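Note that these values count all heavy atoms, side chains included, but never hydrogens, waters or copies made by symmetry. As the structure is a prediction and not an experimental result, all values here were calculated from the model. Labels below follow one simple rule: chain letters A, B, ... track the order of the sequence lines, proteins then strands, and each chain is numbered from 1.
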Protein chains: 2
Amino acid sequence: MKNNSKAEPQCSRCGIEYAFKRIGGKYKARILWNLKTGDQLRFGELLRTLPDVSTKMLTQALRELEIDNLIIRKVYHQVPPKVEYTLTESGRELLPFFKHLDDWASSQMANEVSSLDNE
Amino acid sequence: MKNNSKAEPQCSRCGIEYAFKRIGGKYKARILWNLKTGDQLRFGELLRTLPDVSTKMLTQALRELEIDNLIIRKVYHQVPPKVEYTLTESGRELLPFFKHLDDWASSQMANEVSSLDNE
DNA sequence: CTGTATCCGGAGTGATACTG
DNA sequence: CAGTATCACTCCGGATACAG
């Protein structure tokens, strides 16, 4: 549990740092982005959506997102367990950012293939 | 450098993934954000700006940002060496998004302290 | 189905010393 | 001043097994 409820003291202009601690993980951004439709997704659905994630990492990312109040974890106490995740209000506020970032990435990728660049 | 117009591997909606590979590191976003003023910054200045970064990590992040065409590395061949970093056009296109993120973070932080939530 | 616990290899990172 | 090289170490993250 690495949640720091304390506000950052020194770096008032570094909300960037604050933000990236919350969405900067390897999977967090994609999880949020996959929830953008507004529908709730189940654990297994998210697992299938992110090809390279394991249950452990997904659980961990989900927990942290929940702690940071970006997603809501809704548990159905049924015999086949069922858990659904949805964006919170704060999480939804991030969507325009992701949208623009997605657009930026598209233009960058288009630009890359036209020039000679690879990783 | 022949290119097919559709170079997307499998995840066309995951420009997010592409973007975060470029700006999602621990320091990259803050480096770019610190260059937002449009001024060029020297290596040592960046080092002082990011409190928790070592020369090795800073160099590495800077190299990757340069490779990804987000910053420009200008070297002055002088007896006291001098290197300045500036944003490229692509890098500057990211600024509005960081701004948005920064605003979001500010409201989140304000919300956190006012709601006084702990475990 | 939705997780949790554990092991373990390797990638990421820091400190230090050194170079041009 | 602006890096590079090396070593040592932490810890991320995958695989597996297991629990509710």
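- Checked for salt-bridge contact, B:E45 and B:R42 miss the test: no charged N lies under 4.0 Å from a carboxylate O.
- Taking both residues in full, the closest heavy atoms of B:L62 and B:I71 are given as O-CD1, 3.5 Å, listed atom of the first, atom of the second, then distance.
- Looking at B:L101 and A:I16, their side chains come closer than 4.5 Å, going by heavy atoms from C-beta outward.
- The two residues B:A29 and B:F98 make their nearest non-hydrogen contact at CB-CE2, 4.0 Å.
- A straight line from CG of A:L50 to P of D:dG14 spans 11 Å, rounded to a whole angstrom.
- Counting only residues at least two apart or in different chains, side chain to side chain donor-acceptor pair (under 3.5 Å) contacts with residues 74-85 of chain B comprise B:R73-B:Y85, B:Y76-B:E84.
- The pair A:R30-A:D52 meets the salt-bridge criterion, with a side-chain N (NZ, NE, NH1 or NH2) lying under 4.0 Å from an Asp/Glu carboxylate O.
- Taking atom CG of A:L41 as the reference point, atom P of C:dG3 lies 13 Å away to the nearest angstrom.
- In the helix from C:dC1-D:dG20 to C:dG20-D:dC1, the end axes, each obtained as the rotation axis mapping the C1' atoms of four pairs onto the next four within a five-pair block, lie 50° apart to the nearest 10 degrees.
- Between B:V53 and A:V79, the residue anchored nearer the 5' end of DNA chain C, judged by the nucleotide with its closest heavy atom, is A:V79.
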For nucleotides 4-6 of chain C, give me every protein contact, N/O to N/O, under 3.5 Å, one pair per line with atom names.
| residue | atom | partner | partner atom | Å |
| --- | --- | --- | --- | --- |
| C:dT4 | OP1 | A:R63 | NH2 | 2.9 |

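- One atom, NZ of A:K82, and another, C1' of C:dG3, lie 17 Å apart when rounded to the nearest Å.
- Going from atom OH of A:Y76 over to atom P of D:dG20 covers 24 Å, rounded to whole Å.
- The structure places CG of B:L94 at 12.5 Å from NE2 of A:H100, a figure rounded to the nearest 0.5 Å.
- You'll find that the side chain of A:M57 is closest to D:dG13, out of D:dG13, D:dA2, C:dT13.
- Put simply, A:Y27 has no side-chain N or O that comes within less than 4.0 Å of OP1 or OP2 on D:dC12.
- Summarising the geometry, the separation between NZ on B:K26 and P on C:dG12 is reported as 14 Å, rounded to the nearest angstrom.
- Taking atom CD of B:E84 as the reference point, atom C1' of D:dG3 lies 16 Å away to the nearest angstrom.
- The side chain of A:Y85 places no N or O atom within less than 4.0 Å of a non-bridging phosphate oxygen (OP1 or OP2) of C:dT2.
- One can place CG of A:D52 at 7 Å from P of D:dG14, the figure rounded to the nearest angstrom.
- Using cut-offs of 30° and 60° for the angle between ring planes, the A:F20 and B:F20 rings count as tilted.
- Taking atom CG of B:L62 as the reference point, atom P of C:dT13 lies 15 Å away to the nearest angstrom.
- Residue A:R42 places no side-chain N or O under 4.0 Å from the OP1 or OP2 atom of C:dC1.
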